[in-house]
Amino acid sequence: MQATRVPDTGTPTYVIEEADDTLVRWYPLRIRFGNPKRAMQVRDELRRQDVTTYLHMEHQEVAHDDQLQHEMLPAVNNLIFVHAMKGRVKLLKRQNQICQHLQFIAKPALDNPERSEIIYVPDRQMENFIKAETLPDPYQQRIALTWSDFLGQEHRRVRIIQGPFMGVEGEVKRIGHHRIVVALLREAQVAVGITHVSPAALEFI
């Protein structure tokens with residue numbers, strides 16, 4: 001099995017996978033030769049196979065006949081999260097033409113840097129990230145971020161306890177002139193930010 005190695009990004013939040021292929025986990029998977037059409041094609045095929053997926057989406061401006069239109073497109077063209085047994089993903093990669101483009105992501109093994117081991121995202125972290133991305137946003141507080149917006153910054157973790165994003169956990173960052181609560185997945189290098197959160201609506205965790 002070929003694995004894609006990602007760079008170290010500071011304090012690790014990834015988890016090294018056990019040998020058991022039958023545990024259901026959230027796996028971040030790379031999509032080879034990824035583009036918006038292929039990413040959504042892979043997502044739709046996985047759903048057709050009754051596999052739970054999450055594709056990080058955002059509003060983007062797209063030109064159609066010299067006119068700009070807003071469309072929901074993948075924020076990262078070559079990344080999708082899959083909630084399944086590792087063995088099921090391996091089987092789909094072998095037997096399904098569309099899924100053959102998927103690749104597990106690996107980190108150097110803690111006990112042997114020469115060996116790579118597949119990583120997954122703990123359920124609680126993934127659920128928090130999806131919540132930050134999908135909860136209703138009546139006051140337009142949610143913003144798209146790039147990995148470089150907060151690379152190298154380390155701040156205290158907080159939980160939002162009031163308002164439409166109540167329950168979302170993240171790290172407080174200062175980006176430009178704004179203080180933002182960032183829900184991030186370091187191992188996959190994706191994030192979503194929530195702005196204009198009153199200090200009274202936060203608690204340290």
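Here, residue 1 is the first one in the sequence, and each next residue gets the next number. Bear in mind that the values here come from a model prediction, so they are computed numbers and not experimental data. Every heavy atom of this structure was used, including side-chain atoms; hydrogens, water molecules and symmetry mates were not.
A side-chain donor-acceptor contact under 3.5 Å links Arg142 to the backbone of Glu133. For the pair Gln100 (side chain) and Gln97 (backbone), a donor-acceptor distance under 3.5 Å is present. Formation of a donor-acceptor pair under 3.5 Å by the Lys93 side chain with backbone atoms of His101 is not found in this model. Looking at Gln141, its side chain does come within 3.5 Å of a backbone N or O of Thr195 through a donor-acceptor pair.
More than 12 heavy atoms of other residues, nucleotides or ligands shown are found within 6.0 angstrom of CD on Gln69. In this structure, Met72 places its CE atom where more than 12 heavy-atom neighbours from other residues, nucleotides or ligands lie under 6.0 Å away.
Aromatic pair Phe129/His56: ring centres closer than 6.0 Å. Centroid-to-centroid, the aromatic rings of Tyr27 and Phe104 come within less than 6.0 Å.
By the 4.5 Å heavy-atom criterion applied to side chains, Glu169 and Val158 are not counted as neighbours. Using a 4.5 Å heavy-atom cutoff, the side chains of Pro164 and Asp137 are not in contact. Using a 4.5 Å cut-off on side-chain heavy atoms (C-beta onward), Val172 and Ile180 make no contact. When side chains are defined from C-beta on, Arg25 does not count as touching Val82, because their heavy atoms never get closer than 4.5 Å.
Classification of Arg43 and Glu45 as a salt-bridged pair fails, no side-chain N sitting under 4.0 Å from a carboxylate O.
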For a side chain to side chain contact (heavy atoms under 4.5 Å, CB included) check, start with the C-alpha distance between Arg32 and Gln103, then their side-chain angles and the critical distance, and finish with the verdict. CA-CA 7 Å; Arg32 287 183 297 170; Gln103 290 182 317; 3.3 Å; yes

Before giving the answer on side chain to side chain contact (heavy atoms under 4.5 Å, CB included), spell out for Leu29 and Ile105 the whole-Å C-alpha distance, their side-chain angles and the decisive distance to 0.1 Å. CA-CA 6 Å; Leu29 300 174; Ile105 297 176; over 6 Å; no

With side chain to side chain contact (heavy atoms under 4.5 Å, CB included) as the criterion, how do Leu23 and Tyr120 come out once you've worked through the C-alpha distance, each side chain's angles and the decisive distance to 0.1 Å? CA-CA 11 Å; Leu23 297 174; Tyr120 68 89; over 6 Å; no

Please step through side chain to side chain contact (heavy atoms under 4.5 Å, CB included) for the pair Thr52 and Tyr54, ending with a clear verdict.
CA-CA 7 Å; Thr52 301; Tyr54 184 73; over 6 Å; no

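Put simply, the residue from Asp44, Val42, Leu46 that forms a side chain to side chain contact (heavy atoms under 4.5 Å, CB included) with Ile98 is Val42.
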